[in-house]
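This structure is a prediction, so every number in the text was calculated from the model and none was measured.
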Amino acid sequence: MDYATLKLIWWALIGVLLIGFALTDGFDMGAAVLLPFIGKTDEERRIVINTVGATWEGNQVWFITAGGAMFAAWPLAYAASFSGFYFAMLLVLFSLFFRPVGFDYRGKRVDVRWRQGWDCGLFIGGFVPALVFGVAFGNLLQGVPFVYDTDLRVTYHGSFFGLLNPFALICGLVSLCMLTAHGAAFVKMKSDGVVAMRAAKAIRIFSGLTVVLFVVAGALVATLISGYTITSPAPFDGVANPLLKTVEAGPGLWLSNYGLYPLTALAPIAGLLGGALAFGLALSRFERLTFVCTSLQIVGVILTAGFSMFPFIMPSSLDPRSSLTVWDATSSQTTLEIMLVAVIIFLPIVLGYTAWVYRVMRGKITASTIKENEHTLY
């Protein structure tokens, strides 16, 4: 297999890992965000927590795997992103600390303040990552202030608070709302009674907000946000040197791929359609179909960002030529080949095991389930 094809395959595989993370760990985070609002009593909150309690740890592995794959496949992008998003990543990491200790320690004491404190921790562990991931994508779409010198040393010229610009915050809200809607759909599917009813209302609120914010973000990308296009490419099968190409920046350029590859327009359509269907089905008895629709919304939104930016991975707002792309940010051909063999062997095993786990853990978490398993459930 030639080097250029390998680069394209790994762009697709990392996209699959990010989507897998959003679909699985996304509903964990969404359920945590909703915890204080759809669980009014301790019993109701235990129902919400235990809808995801059996699978959240396995779901988080998708995030770790995606990070490891980016480190191995896109070392230049990994290094530059840690320079630019270092404090944002620390914020995500520290907020995620609340999840394992929140799940494990919440039930250690039968004390209202103790449990409410850990409920707040679980909320933070869901809210902050969901928001920050969207903010990161918003900054990628605008370009990140970094440059490479002639020795390929990267220098970042931004700040943490510079990441919190209006467009990035809108993208953060898109991420937060779509994952919260996804979490609400999962809680509704796994619970009953008043908890499921409140989750259904949350689906309508957050899927509707996602559609509105997604349209607003799209309009801004089409009119105000500068996109990037390669005007003089470097060899697709060459070494990783971003300075060998020339790049042009300008408003509306992120829409170029939709003209070149019309099928990519299915991504934003899927995002809007999934949100609209989830909104319409939220109060119905079609719980699994509603969950499929929130999943479709997530896939559509992520693919829209990926297709819009292709082949860019991390554009530079200071020096467009320094922008990192699929063609010039990758590891060696040998590294990509070895990793691909590992994926071919282990990915089917992981998917099969995950499917088996969800089959074993199927069924609803109800008030009677909590009472019957008082000392074994969270």
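Checked by atom type and distance alone, the side chain of Ser175 never pairs as donor or acceptor with a backbone atom of Leu131 at under 3.5 Å. Using a distance-only test at 3.5 Å, with no hydrogens or angles considered, a donor-acceptor pair links the side chain of Lys190 to the main chain of Gly363.
Phe123 and Phe127 have parallel rings, their planes meeting at less than 30° on a 0 to 90° scale where 60° marks the start of perpendicular. Phe97 and Phe94 have tilted rings, their planes meeting at an angle from 30° to 60° on a 0 to 90° scale. Taking the six-membered ring for Trp and thresholds of 30 and 60 degrees, Phe160 and Phe87 have ring planes more than 60 degrees apart, a perpendicular arrangement.
Only one option out of Thr246, Val247, Leu244 pairs with Ser232 in a side-chain contact (heavy atoms from CB on, under 4.5 Å); it is Thr246. Exactly one residue among Trp74, Tyr148, Tyr78 makes a side-chain contact (heavy atoms from CB on, under 4.5 Å) with Leu324. That residue is Tyr148. Checked against Ile47 for a side-chain contact (heavy atoms from CB on, under 4.5 Å), the options Ile38, Asp42, Ile365 give a single hit: Ile365.
A heavy-atom distance below 4.5 Å is found between the side chains of Thr304 and Ser308. In this structure the side chain of Leu169 reaches within 4.5 angstrom of the side chain of Val135, judged on heavy atoms. Inter-residue side-chain proximity for Arg106 and Arg46 is flagged as met; some heavy-atom pair is nearer than 4.5 Å. Taking 4.5 Å as the limit, some side-chain heavy atom of Leu336 sits within range of a side-chain heavy atom of Tyr3. Looking at Ser81 and Met89, their side chains come closer than 4.5 Å, going by heavy atoms from C-beta outward. No side-chain heavy atom of Leu303 sits less than 4.5 Å from a side-chain heavy atom of Thr264. Using a 4.5 Å heavy-atom threshold, the side chains of Leu34 and Phe206 count as touching. Counting heavy atoms from C-beta outward, Leu6 and Leu340 have side chains that approach closer than 4.5 Å.
Annotation for Pro348 and Ile345: closest pair CD-O, 3.7 Å, computed over non-hydrogen atoms. Of all heavy-atom pairs between Pro311 and Trp327, the closest is CB-NE1, 3.5 Å. The minimum heavy-atom distance linking Met29 with Pro129 is given by the pair SD-CB, 3.6 Å. For the pair Ser207 and Gln297, the tightest heavy-atom approach, listed with the atom from each and the gap, is O-NE2, 3.6 Å.
Residue Phe137 places its CZ atom among 12 or fewer non-hydrogen atoms of other residues, nucleotides or ligands, all under 6.0 Å distant.
The aromatic ring centroids of Phe186 and Phe291 lie less than 6.0 Å from each other.
Under a hydrophobic clustering in which Ile, Leu, Val, Met, Phe, Trp and Tyr are joined whenever their side-chain heavy atoms come within less than 4.5 Å, directly or via other members, Val48 and Trp114 fall into different clusters.
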Between Asp2 and Thr5, does the side chain to side chain donor-acceptor pair (under 3.5 Å) criterion hold? Intermediate values first, please. CA-CA 6 Å; Asp2 64 272; Thr5 302; 2.8 Å; yes
